[in-house]
Amino acid sequence: MRKILVTSALPYANGPIHIGHLVEYIQTDIWVRAQRLRGNRCIYICADDTHGTAIMIRANKEGITPEELIANVREQHQASFRGMDIEFDHYGSTNDAESRETCAEIWAALRREGLVHEKKISQLFDTKEGTFLADRFVKGTCPKCGAEDQYGDSCDKCGATYTPADLKNPVSTLSGTTPELRDAEHLMVEIERLRPFLTEWTQNGGHLQEEIANYLANFFLKDELRDWDISRPAPYFGFEIPDSPGNYWYVWFDAPIGYVGSTRVWCAKNGENWEKWWKDPETEIHHFIGKDITYFHTLFWPAMLKVAGFNLPEKIHIHGMLTTNGEKMSKSKGTFIKADTYLRHLDPAYLRYYFASKLTGSVDDVDLNFTDIRDKVNADLVGKLVNLASRTAKFIREQGTSASYPEDGGLFAAGAAQADEIAQAYEECDFAKVTRLVMALGDRANKFVEEHAPWVLRKDPERAQELQDVCSVALNLYRQMVIYLAPILPKLAKQSAELLNENAADWTFESVKTPLAGTKVNEFTHLMTRMDEKAIEAMIEETKIENQPAEGQNAEETGSQWDDSAQPLEDEPLDALCTIDDFCKVDLRVARIIMAEEVPEARKLLHLTLSLGGGVTKNVFAGIKSAYKPEDLLGRLVVCVANLQPRQMKFGLSEAMICAAGPGGKDIFVLSPDSGALPGQRIH
RNA sequence: CGCGGGGUGGGGCAGCCGGUCAGCCCGCGAGGCUCAUAACCUCGAGGUCGCAGGUUCGAAUCCUGCCCCCGCAACCA
């Protein structure tokens, strides 16, 4: 019997659980249940990730303490997980005392190894909010290409990377004020010294999927690893570093340690020794994470564990991200669905089964398609699986299953023979394979029923034994399928066990090998209903409404006929006020596009010539290739910034800029004046 | 040239350590059955496996180049 400790990544205590999160928790929950069905000892540990600037600021805004905030959120998270039939052995918090103690232990080990040194870091400080600003909380003008409104670490226009201090005109996104540069001593961990170990661990031993190992080898491990800035100066919501007063561990230091802390809380409650789980090589540690946090879990985390003498993970299972209908989840499209919203409309079994049917153990992204999920659930779960019981159980409600298991042409034995293959598929997280194999069993079972026509047999009292035999076979085949799918569909397993007068908790992978004979069959009640399109639509609608901020709702209440989404303002908040003089510096002019052509080598640019009338022209490279064809622009009047500093671009000199709205991609909308405006006229 | 993944009948996918690998589910067409939650069974139409080269007796499967799509690079897993 293996002893296995499993974790999912800790959700950040700054927002609700949504369907994107659920890919991971459902995947993990299925894997854990499958391990137990195989007879292994397996505990599932998780917790809320509670530290960091974002939590501190949100609590501030809500007028509560961070502790109150994270307690509330933790309740919500746990309710969402329960609703989705995701069962943790313990769901802790990175703010627990046990977590702090473990941080201290690992920290002491890093110190002991001499891996920590101090370094002066200059960081932008928001004087209004009284806090240092993480890169993402600063926006400004790219120092390299002059693109405006770029985040503090890199420019998405020209791809340059820099530090926030390099930004021109930096603005704090928290307060809108101009931050000032301040120095602080940070604690750095020299992870480079562990590179040989990490290279060995990531490349050998099968701890990581191959593509992940390659990614790490090519991207991080081939060069010197940069020191890891592990501390943040006060004020910060987190744990103060014992030997460095005024400094706090960075949230990514204590987040994975939360796995240990949460285990310790569970152990204390259950009379277990936590070190047996984390320091005894007999225990296998399995982490499930999304590919976005690969870096932290495959480099820093093993390094920390290694130095502190903890068990290293046996395997880190990394999954892809969720897209909906082939696109990123979107609040405005109603696909940013919260777990709670889902549960108000739909059965968790649908999503569990659907994700299972899509998960192969690779890092490929998983797409949730609403047509697909309905077809799949209705066809597989209702049409094939549940229908099998539905069409036979009531025929033997009175007499139960046949006293000895009847001849079935080898169907049951064939199903039982797949136990190892299915168990192995679970082990490898290839749940898609599990569902394929089980549904193939369902096809054979339904065919069997068809061929033996119980509805004919029951009309002939002489053939009562045959009828009982056929239905006994069908129910046993059904039972086999349900046991195989029990990790994915725990509730259905429980209900089905009741139908068959069994206890689902007693089922193991061995149970599929012995058929029921001479047992009672209880009354059949509907085990699962079809997935209703209207429920899906209602869920999407509710999601859209939820994501409209208060302003939008007020507009509705006051009877406004234009309930425009608040999304654009959220995406790009209003800027600081400017004076009329500031505005006048920008010379906006009406212009006519008199030449428009593709720039074949450019991904985003079109080459335009603008006429301002009287023979004055401007050469422009505009980043609108993704939304416009040259021929559609020719002759159009547009608004341009006529006095923009010319800029040398890869394909030529750009002397002006045309005005357009929209987030980019296909959604770019070029501004036009009303008819009558003449090229060259100024915009006031 | 930032990194990673993918392009297989209308949709979603499996196969991809070279030789029953052209397969599964949905959808579609025809028929059957009527026990079942319009469910189940049978038959059928539909793909030169992104494109172009190469290796080989033989490639969806290996190699090279190209094209296209997606994700990550955000304290949203």
When rounded to the nearest 0.5 Å, the distance separating CD1 of Ile289(A) from OG1 of Thr7(A) is 9.0 Å

When Gly383(A) and Asp367(A) are each assigned the nearest nucleotide of RNA chain B, the 5'-most assignment goes to Asp367(A)

Per the under-4.0 Å heavy-atom filter, residues of residues 350-362 of chain A near RNA chain B come out as Lys358(A), Thr360(A)

Applying the 3.5 Å cut-off to both distances, the Watson-Crick or G-U partner of rC51(B) turns out to be rG65(B)

Self-check item: Separation of the C1' atoms in rG7(B) and rG19(B), to the nearest angstrom
Solution: 25 Å

Please classify the nucleic acid contact of Arg530(A) as base, sugar-phosphate, or nothing, using heavy-atom distances under 4.0 Å.
base

The residue, Asp372(A) or Arg444(A), whose nearest nucleotide of RNA chain B is more 5′ is Asp372(A)

Notebook entry, point to check: Using 4.0 Å as the upper bound for N to carboxylate O, is an ion pair formed by Asp229(A) and Arg226(A)?
Noted result: no

Picking from rC25(B), rA77(B), rC35(B), the nucleotide nearest the side-chain atoms of Arg391(A) would be rC35(B)

Requested in this report: Check every strand shown and say whether Val456(A) touches a base, only sugar-phosphate, or nothing at a heavy-atom separation below 4.0 Å.
Outcome: nothing

- Under the 3.5 angstrom rule, does the side chain of Glu24(A) hit a backbone N or O of Gly290(A) as a donor-acceptor pair? yes

**Q.** Main-chain N/O of Tyr484(A) paired to Tyr426(A) side chain as donor or acceptor, under 3.5 Å
**A.** yes

Can a salt bridge be assigned to the pair Asp347(A) and Lys491(A) using a cut-off of 4.0 Å between side-chain N and carboxylate O? no

(request) Sticking with atom P, work out how far rC3(B) lies from rC41(B), rounded to a whole angstrom. (result) 48 Å

- Just checking Leu322(A): base, sugar-phosphate only, or nothing, at a heavy-atom cut-off of under 4.0 Å? base

Of the listed rC75(B), rG4(B), rC26(B), the closest approach to the Val363(A) side chain comes from rG4(B)

Between CZ of Phe370(A) and P of rG12(B) the distance, given in whole Å, is 16 Å

Scanning all shown strands, the Watson-Crick or wobble mate of rG23(B) with both distances under 3.5 Å is rC13(B)

With the side chain counted from C-beta on, respond yes when Leu388(A) and Val449(A) share a heavy-atom pair under 4.5 Å apart, and no when they do not. yes

- Task: Sticking with atom P, work out how far rU56(B) lies from rU61(B), rounded to a whole angstrom.
- Result: 16 Å

In whole angstroms, the gap separating P of rA77(B) from CZ of Phe81(A) amounts to 11 Å

Open item on the list: Using a heavy-atom cut-off of 4.0 Å across all strands, would you classify Phe288(A) as base, sugar-phosphate, or nothing?
Closed with: nothing

Which of rC40(B), rC72(B), rA77(B) is nearest the side chain of Ala9(A)? It is rA77(B)

Against the side chain of Arg458(A), the closest entry in rC35(B), rG71(B), rC26(B) is rC35(B)

Tightest non-hydrogen contact, residues Cys46(A) and Ala9(A), listed as SG-O, 3.7 Å

Residues passing the side-chain hydrogen bond (donor to acceptor under 3.5 Å, both in side chains) test with Asn60(A), sequence neighbours excluded, are none

Nearest heavy-atom contact between Val23(A) and His319(A) is CG1-ND1, 4.2 Å

Kindly confirm whether the side-chain ring of Trp455(A) is stacked on the base of rC35(B), judged by centres under 5.5 Å and planes under 30°.
yes

Atom CG of Asn387(A) and atom C1' of rC33(B) are separated, to the nearest Å, by 13 Å

Base, sugar-phosphate alone, or nothing: which one does Tyr250(A) contact when heavy atoms must sit under 4.0 Å apart? base

Here the distance between atom P of rC40(B) and atom CG of Leu381(A), to the nearest Å, is 12 Å

Can you check whether Met531(A)'s main-chain N or O pairs, donor with acceptor, with Asn378(A)'s side chain at less than 3.5 Å?
-> yes

Any strand, both distances under 3.5 Å, Watson-Crick or G-U wobble: rG31(B) pairs with rC41(B)

query = Base, sugar-phosphate alone, or nothing: which one does Lys394(A) contact when heavy atoms must sit under 4.0 Å apart?
reply = sugar-phosphate

The nucleotide from rC75(B), rA77(B), rC35(B) with an atom nearest the side chain of Tyr236(A) is rC75(B)

Quick note, Glu450(A) side chain, CB onward, closest among rA77(B), rC35(B), rC26(B) is rC35(B)

Could you please spell out the steps behind the side chain to side chain contact (heavy atoms under 4.5 Å, CB included) verdict for Arg74(A) and Tyr91(A)? CA-CA 9 Å; Arg74(A) 185 157 164 268; Tyr91(A) 194 86; 4.0 Å; yes

- request: Go through the N and O atoms of the side chain of Gln209(A) and the base of rG4(B), and report whether any donor-acceptor pair is under 3.5 Å.
  value: no

**Prompt:** In whole Å, what separates the P atom of rC76(B) from that of rA14(B)?
**Reply:** 30 Å

Hey, does Asp443(A) reach any base, or is it just sugar-phosphate, or nothing, if we go heavy atoms under 4.0 Å?
sugar-phosphate

Separation of rC13(B) atom C1' from Arg436(A) atom CZ, nearest Å, is 8 Å

note: Asn95(A), atom CG; rC75(B), atom P; distance rounded to Å ~ 20 Å

When all nucleic acid strands are considered with a 4.0 Å heavy-atom cut-off, which category describes Val382(A): base, sugar-phosphate, or nothing?
base

Subject >> Integer angstrom distance from the P of rC24(B) to that of rG32(B) >> reply: 24 Å

Next on the checklist: Would you measure the distance from the P atom in rG27(B) across to the matching atom in rC68(B) and give it in whole Å?
Outcome noted: 35 Å

Taken to the nearest whole Å, NZ/Lys447(A) to C1'/rC43(B) is 12 Å

- For rG15(B) and rG23(B), measure between their P atoms and round to the nearest Å. 16 Å

Note: contacts of residues 521-528 of chain A with RNA chain B (heavy atom, under 4.0 Å) are His526(A), Leu527(A), Met528(A)

Taking the six-membered ring for Trp, are Tyr248(A) and His51(A) ring centroids under 6.0 Å apart?
-> no

d(Gln76(A) CD, Lys338(A) NZ) to nearest 0.5 Å is 8.5 Å

P atoms of rC17(B) and rU64(B), separation to the nearest Å: 15 Å

When rounded to whole Å, the CZ to C1' distance for the pair Phe296(A) and rA74(B) reads 11 Å

